[in-house]
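Because the structure is predicted, anything quoted here is derived from the model rather than measured. Counting convention: from 1, in listed order, for ligands and their atoms alike.
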Amino acid sequence: MTSQPAAERPDVPAAERADSEAQTVLVVDYGAQYAQLIARRVREARVYSEVVPHTLSAEEILRRSPAAVILSGGPASVYAEGAPSVEKELFEAGVPVMGICYGFQAMAHALGGEVARTGDREYGKTEVRSTTAPHSLLGGTDEVQSTWMSHSDSVQQAPQGFDVLATSDGAPVAAFADDQRRLYGVQWHPEVKHSPQGQRVIENFLYEGAGLRPEWTTGNIVEEQVEAILEQVGEARAICGLSGGVDSAVAAALVQKAIGEQLTCVFVDHGLLREGEVEQVKRDFVAATGAKLYVADEKERFLTALAGVSDPEEKRKIIGREFIRAFEDAEKAVLEEAAADGARVEFLVQGTLYPDVVESGGGEGAANIKSHHNVGGLPEDMQFKLVEPLRALFKDEVRAVGAELGLPAEIVQRQPFPGPGLGIRIIGEVTADRLEILRKADAIAREELTASGLDQEVWQMPVVLLADVRSVGVQGDGRTYGHPIVLRPVSSEDAMTADWSRLPYDLLATISNRITNEVQEVNRVTLDVTSKPPGTIEWE
Ligand SMILES: Nc1ncnc2c1ncn2[C@@H]1O[C@H](COP(=O)(O)OP(=O)(O)OP(=O)(O)O)[C@@H](O)[C@H]1O
Ligand SMILES: O=c1[nH]c(=O)c2[nH+]cn([C@@H]3O[C@H](COP(=O)(O)O)[C@@H](O)[C@H]3O)c2[nH]1
Ligand SMILES: NC(=O)CC[C@H](N)C(=O)O
Ligand SMILES: [Mg+2]
């Protein structure tokens, strides 16, 4: 078995190499709904973690020198034909492993235990009872603990060498451990908030089972990323796509810290921005970071490219492509400003986050929900190499890095706004007139939300124009035939899941009144009361 450290391997991108020098816990994804949630919980326990697909062989996993491995849940049944399996070799390398739900069953199956469908399905809240003297995996948890389960198969018999630690009505073996080989497993989902003592179980595995230390911090990310960026970019020039949002501001600040004057930020005004946004970026960002900023007026380009298009994925791909073309054109201007020393701009910095990657189907094995312009929407013939220092992080982690870098709260706490902007909030073709309508409605909604003081509690509030829908209204004693606006306020921790925000009726009434009074083309305001899943946050 090769165990060349990741830091020496050319096939691992620099950004990942720096991370993997620390202790890394690999989460093997068996098609779980929220494998990245496991990684997130591990990082909350201050141990670095990444998700890898189950299609990696045991050898490929071990070659990455993980400090520990967690096998995720998944929809398959281990005994079914073609079900993803785990090779025995993974358990023979001395690396601590914990299986969760499907991963627990797969571990049992691979090591000679018995897994079967018993008809005792458990979905949702389930009581689990300890069956042995206190064991470190369940240390600090109640003898009878409430957990969240979602299974119809169960482990009937633990493999040889394992102690059964707990049981539930539907799972004769609900947790097991082989301390000698440092192998552990639980039938329930410790990663979800509905398992109140779940985080403790994960931490027990990391600290007690795997002997890891809680050392990973946002300070480490800054140091590691600055080093990785320096190594990747060297003396070359880079531009950073700056949007005024949190992610690009933090990415820019990190890169600025690493390469200083070699960086120029480029803000693309694609005409899909909200009211006042260009001015705000010019003012706030430059004041906060002192970075060089070039504003590219590309309104014509985007509107022309989007003419006649109403399919959401097509819009996203066009916007992604035109972003890159705009950056390529900006290169010339940037070089002129840099006194044309002849050096090309080799790198494009983007504030891409982990959820952008996962939703674009880049989470290896994950379905393509929508092509985020900065991931799934990139053209193939792009000439820049990408620098994406935040690609493995969740939003709240990015906010912490931003604070660590000294960015002000106005930037770090800002609500997200998608790169394709109002282009994906007009349902139907994007035209200048429709943009104007939506911009007015959006400005009113934002103004009122801010005035109510609730803007910090709300993750974001997309305002959507149903441009191809019309309904009848009565205004000023006359008939109107106008467009509906949808308000989509949501609360969320990381944009992967969300709930609709219960905004006070009075606030909703004020927004509705003002929009229908002040925006002539709109005669109806509606509220979206869908969580994510099943809805996504944006309508397209
Ligand atoms: N108008 C823009 N001009 C230049 N780059 C942009 C623009 N909009 C988006 N980008 C690039 O695309 C990336 C992804 O956009 P995204 O909206 O996810 O992040 P953000 O705008 O930086 O942060 P937030 O999620 O808080 O809005 C940005 O980090 C930035 O690099
Ligand atoms: O930069 C971006 N480019 C995109 O193409 C994109 N699509 C969605 N979003 C934002 O991502 C989060 C999750 O959105 P969804 O629930 O709609 O997928 C929410 O915060 C969305 O606003 C985007 N951001
Ligand atoms: N959530 C899961 O991992 C489910 C595992 C397996 N498919 C079962 O139903 O038991
Ligand atoms: Mg944004």
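Classification of the Phe176-Phe162 ring pair by plane angle, with boundaries at 30° and 60°, yields tilted. Relative ring orientation between His189 and Trp148 is described as perpendicular, the plane-to-plane angle rising above 60° on a 0-90° scale split at 30° and 60°. Ring planes of Tyr30 and Tyr102: tilted class, angle from 30 to 60°.
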- request: I would like to know whether Glu331 and Arg344 meet salt bridge (Lys or Arg N to Asp or Glu O under 4.0 Å); could you show each step before the answer?
  value: CA-CA 8 Å; Glu331 180 185 2; Arg344 295 286 312 271; 2.7 Å; yes
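For the pair Asp153 and ligand 3, the shortest N or O to N or O distance falls below 3.5 Å.
Taking every heavy atom of Pro75 and a limit of under 4.0 angstrom, the matching atoms of ligand 3 come to 7 (N). Annotation for ligand 3: atoms under 4.0 Å from non-hydrogen atoms of His189 are 1 (N). Atoms of ligand 3 found under 4.0 Å from any heavy atom of Ser150, numbered from 1 in the order shown, are 1 (N), 2 (C), 4 (C). The ligand atoms of ligand 3 that sit less than 4.0 angstrom from a heavy atom of Ser152 are 8 (C), 9 (O), 10 (O). For ligand 3, the atoms closer than 4.0 angstrom to any heavy atom of His151 are 8 (C), 9 (O), 10 (O). With ligand atoms numbered from 1 in the order given, ligand 3 contributes 3 (O) to contacts under 4.0 Å with heavy atoms of Gly73.
For atom 4 (C) of ligand 3, the nearest non-hydrogen atom of the protein is Gly74 O, 3.2 Å. The nearest heavy-atom contact from the protein to atom 2 (C) of ligand 3 is Cys101 SG, 2.8 Å. For atom 6 (C) of ligand 3, the closest non-hydrogen atom on the protein side is Ala76 O, 3.3 Å.
With sequence neighbours excluded, no residue forms a ring-ring contact (aromatic ring centres under 6.0 Å, His included) with Phe285. The ring-ring contact (aromatic ring centres under 6.0 Å, His included) search around His151 returns none, not counting sequence neighbours.
Within 6.0 Å of CD on Gln280 lie more than 12 heavy atoms contributed by other residues, nucleotides or ligands. For Glu279, the CD atom is densely surrounded, since the number of other residues' heavy atoms within 6.0 Å is greater than 12.
Geometric assessment of Arg488 against the ring of Trp459 yields a negative cation-pi assignment under the 6.0 Å and 45° thresholds. Geometrically, Arg274 engages Phe417 in a cation-pi contact defined by less than 6.0 Å to the ring centre and at most 45° from the axis.
With ring centers used as reference points, His270 lies under 6.0 Å from Phe323.
The closest approach between any non-hydrogen atom of Gln105 and ligand 3 is below 4.0 Å.
Considering only heavy atoms from C-beta on, Ser72 stays 4.5 Å or farther from Ile70 through its side chain.
Under the 4.0 Å criterion applied to side-chain N and carboxylate O atoms, Arg414 and Asp455 are not assigned as salt-bridge partners. Ionic pairing of Asp442 and Arg446 is present here: one or more N-O contacts between side-chain nitrogen and carboxylate oxygen are shorter than 4.0 angstrom.
Counting only distances under 2.8 Å, and ignoring water, the protein N, O or S atoms around the Mg ion (ligand 4) are Phe417 O.
Near ligand 1, residues Gly241, Leu242, Ser243, Gly245, Val246, Asp247, Ser248, Val266, Phe267, Val268, Phe323, Phe327, Gln350, Gly351, Asp356, His373, Asn374, Lys395, Pro416, Phe417, Pro418, Gly419 come within 4.0 angstrom through at least one heavy atom.
Looking only at atom types and distance, the side chain of Glu122 has no donor-acceptor partner in the side chain of Thr126 under 3.5 Å away.
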